[in-house]
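Presented below is the structure to which this report refers.
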Amino acid sequence: MSKDEKAITGRDESYSDWYIDIVRKAGLADYSAVKGCMVIKPYGFAIWENMQRQLDKMFKDTGHVNAYFPLFIPKSFLSKEADHVEGFAKECAVVTHHRLMNNPDGSGVVVDPSAKLEEELIVRPTSETIIWNTYRDWIQSYRDLPLLINQWANVVRWEMRTRLFLRTAEFLWQEGHTAHATKQEAIDEAKLMLDIYAQFAEEWMAMPVVKGVKTANERFAGADDTYTIEALMQDGKALQSGTSHFLGQNFAKAFDVKFQDNNNKEQYVWATSWGVSTRLMGGLIMTHSDDKGLVLPPKLAPIQVVIVPIPKPNGLINEAADKIIADLKAKGITVKADMDKKKSPGFKFAEYELQGIPVRIGIGKRDLENGTVELARRDTLEKMNVPVEGIADYIENLLVEIQDNLFNRARTYRDETTTSVDTFEEFKQVLDEKGGFVSAHWDGTTETEKKIKELTQATIRCIPIGNPQEEGKCILTGEPSKERVLFAKAY
RNA sequence: CGGGGCGUAGCGCAGUCCGGUUAGCGCACCUGUUUUGGGAACAGGGGGUCGCAGGUUCGAAUCCUGCCGCCCCGACCA
């Protein structure tokens with residue numbers, strides 16, 4: 001096999017082709033026979049499972065439980081909350097019939113026109129409506145609250161344009177839906193989940209994020225407030241990586257969900273919803289990977305260490321490898337030994353770099369003689385000779401170091417690619433030449449926000465939480481402003 | 001929804017303009033031998049309804065008509 005055929009497109013050449021090459025050649029996902037839908041392959045799914053496992057733990061540690069609600073939603077449900085239906089109506093898949101029949105002309109199967117549904121069903125684009133319709137029956141008293149439920153599910157949003165992991169017609173996610181007795185409690189919940197998302201992104205994905213609030217224009221359809229974590233990709237575009245919504249009483253009123261408080265007074269409940277999706281996979285890829293392929297943070301890598309015999313396996317090498325494998329496994333480190341005799345070491349090196357495995361161990365004759373192994377780290381591509389004695393401890397520390405290094409590197413990039421500007425000229429120049437987050441004053445109107453988007457393609461990603469208050473003038477209109485907001489071109 | 005591209009072996013493509021042996025090449029795959037510290041070499045081998053349906057023709061991957069699918073670029077979105 002030649003280098004060129006296996007090589008991935010360089011980031012400088014085409015960032016978009018680079019991304020697709022990594023997704024496909026590292027075996028994460030593939031296009032499917034269905035337009036806009038992808039197949040998540042075993043290696044990609046293993047990474048997603050690691051994400052799920054940790055997130056699920058964090059949800060449960062904060063008192064949430066999992067449940068499952070239907071894929072199909074009666075059409076009438078969707079129209080009960082006005083903003084919500086307006087936000088999603090344009091991208092819904094609709095089930096109209098429930099039976100097929102043989103085409104009378106013998107050409108295959110066709111929809112049986114006599115099997116038309118009384119009420120059409122929507123394939124969930126999100127589950128607020130079916131869930132709140134159910135919560136009405138579950139909630140009577142303040143003692144039923146708070147209700148803290150999450151579900152892991154697939155949803156469908158009929159997008160015009162798709163991109164593997166970042167935007168597909170069907171995607172996997174989790175959606176939390178909670179009900180509370182008071183407004184403050186619901187706001188606290190929405191913020192708590194945002195913190196959990198941020199903590200997960202930074203500590204597990206090694207992906208630095210900005211926590212913030214969305215502007216009215218960017219808010220979730222049906223929410224009073226939308227909180228977001230925003231990450232910056234290597235091409236200078238922002239990725240909305242998770243959102244948490246304070247829904248006020250909008251869904252409670254739409255679905256008539258009331259409870260009796262401890263004064264026997266009837267009240268509408270307060271709600272939140274929050275979600276992260278397989279889009280995080282896209283963020284993970286675009287935060288760390290390089291021109292050799294995927295780079296994975298050790299905490300999420302399905303295989304943390306790979307052992308490659310040089311030049312091929314033999315009794316002594318196998319023996320040395322088995323010992324190392326046992327020591328690593330005892331520490332809970334996942335390890336794979338590639339004892340395939342047909343493939344050359346060079347092939348394996350390239351292959352595991354493409355797959356982003358954090359640490360590679362090479363064992364050859366020279367190593368056996370010297371009592372060492374060759375360690376290669378994926379994040380820096382450094383190679384070093386390390387004594388076999390104490391290798392498991394060494395690797396355990398190295399994995400932590402790699403995790404930290406990836407985060408620090410990404411944070412440095414993010415900080416260096418965040419620019420404060422005070423004029424519209426500067427604003428445009430930074431967006432064109434440098435990209436990244438641009439911190440600027442804005443007059444607070446949707447009209448100005450839309451105008452800026454029209455002129456520059458940049459949107460307000462968020463108003464950062466804990467944003468310093470500062471007198472200034474809107475970069476577009478010159479109207480007074482009391483704080484900066486974060487702009488960027490976004491995925 | 002507008003614009004563009006593509007559909008020939010598992011993958012990537014040539015052949016199509018100008019119809020004519022048994023449809024070809026690279027990679028991958030199988031067998032064997034020699035190799036092996038950064039994507040090995042040689043030899044042999046298997047694998048195809050040429051997207052689908054009609055039509056023209058002695059003869060269609062190639063020409064005509066219709067259809068289907070996917071990808072890319074834009075507007076909308078996690």
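Here is how names work: the chains are called A, B, and so on, in the same order as the sequence lines, proteins then strands, and each is numbered from 1.
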Can you identify which nucleotide, out of [options], has its nearest atom closest to the [X] side chain?
X       : options                : value
R279(A) : G37(B), A78(B), C76(B) : A78(B)
Q240(A) : U36(B), A78(B), G38(B) : A78(B)
S344(A) : C77(B), G38(B), G39(B) : G39(B)
F347(A) : G37(B), G39(B), U36(B) : G39(B)
K292(A) : G38(B), G39(B), A75(B) : G38(B)
K90(A)  : C76(B), A78(B), G39(B) : C76(B)
I20(A)  : C72(B), C77(B), U36(B) : C72(B)
R366(A) : G37(B), U36(B), G38(B) : G37(B)
P345(A) : C77(B), U36(B), A75(B) : U36(B)

Rounded to the nearest Å, what distance is computed from the [atom1] atom of residue [X] to the [atom2] atom of nucleotide [N]?
X       : N      : atom1 : atom2 : answer
R157(A) : C77(B) : CZ    : P     : 12 Å
K348(A) : A40(B) : NZ    : P     : 11 Å
K312(A) : A40(B) : NZ    : C1'   : 13 Å
Y15(A)  : C73(B) : OH    : P     : 14 Å
E91(A)  : A78(B) : CD    : C1'   : 9 Å
E369(A) : G37(B) : CD    : P     : 16 Å
R360(A) : G37(B) : CZ    : P     : 13 Å
R163(A) : C70(B) : CZ    : P     : 19 Å

Which one of K348(A), E374(A), R378(A), R377(A) satisfies the side chain to side chain contact (heavy atoms under 4.5 Å, CB included) criterion with R360(A)?
E374(A)

If you assign R24(A) and W173(A) each to the RNA chain B nucleotide with the nearest heavy atom, which residue ends up on the more 5' nucleotide?
R24(A)

Starting from the 5' end of RNA chain B, give me the residue, A490(A) or C37(A), whose nearest nucleotide shows up first.
C37(A)

Now, which nucleotide makes the Watson-Crick or G-U wobble pair with [N], with each of the two distances under 3.5 Å?
N      : answer
A75(B) : none
C6(B)  : G69(B)
C50(B) : none
U56(B) : none
U16(B) : none
G38(B) : none
A28(B) : none
A61(B) : none

Mind telling me whether [Y] and [X] have parallel, tilted or perpendicular rings, with 30° and 60° as the class edges?
X       : Y       : value
F427(A) : F424(A) : parallel
F77(A)  : F255(A) : perpendicular
W204(A) : F200(A) : parallel
H64(A)  : F59(A)  : perpendicular

Could you check whether the side chain of K383(A) and the base of G38(B) have a donor-acceptor pair of N or O atoms closer than 3.5 Å, going by distance alone?
yes

Does E353(A) get its side chain close enough to the base of G38(B), under 3.5 Å, for a donor-acceptor pair?
yes

Which whole number of Å gives the distance between the [atom1] atom of [N] and that of [M]?
N      : M      : atom1 : answer
A41(B) : A60(B) : P     : 41 Å
G3(B)  : C50(B) : P     : 31 Å
C68(B) : A53(B) : P     : 15 Å
G45(B) : G24(B) : P     : 14 Å
C6(B)  : A43(B) : P     : 35 Å
U49(B) : C71(B) : P     : 23 Å
U22(B) : C18(B) : C1'   : 23 Å
C27(B) : U21(B) : C1'   : 28 Å

Have a look at [X] and say if it touches a base, only the backbone sugar-phosphate, or nothing, with a 4.0 Å heavy-atom cut-off.
X       : result
T168(A) : base
K343(A) : nothing
L166(A) : base

Please check if atom CD in E369(A) has more than 12 non-hydrogen atoms from other residues, nucleotides or ligands closer than 6.0 Å.
yes

Atom NZ of K80(A): over 12 foreign heavy atoms under 6.0 Å
yes

Should K214(A) be listed as having a side-chain N or O under 4.0 Å from OP1 or OP2 of A78(B)?
no

Would you say Y491(A) reaches C76(B)'s phosphate, i.e. side-chain N/O to OP1/OP2 under 4.0 Å?
no

From Q234(A) atom CD to R11(A) atom CZ, the distance as rounded to the nearest 0.5 Å:
5.0 Å

Residues D235(A) and Y491(A): side-chain donor-acceptor under 3.5 angstrom
yes

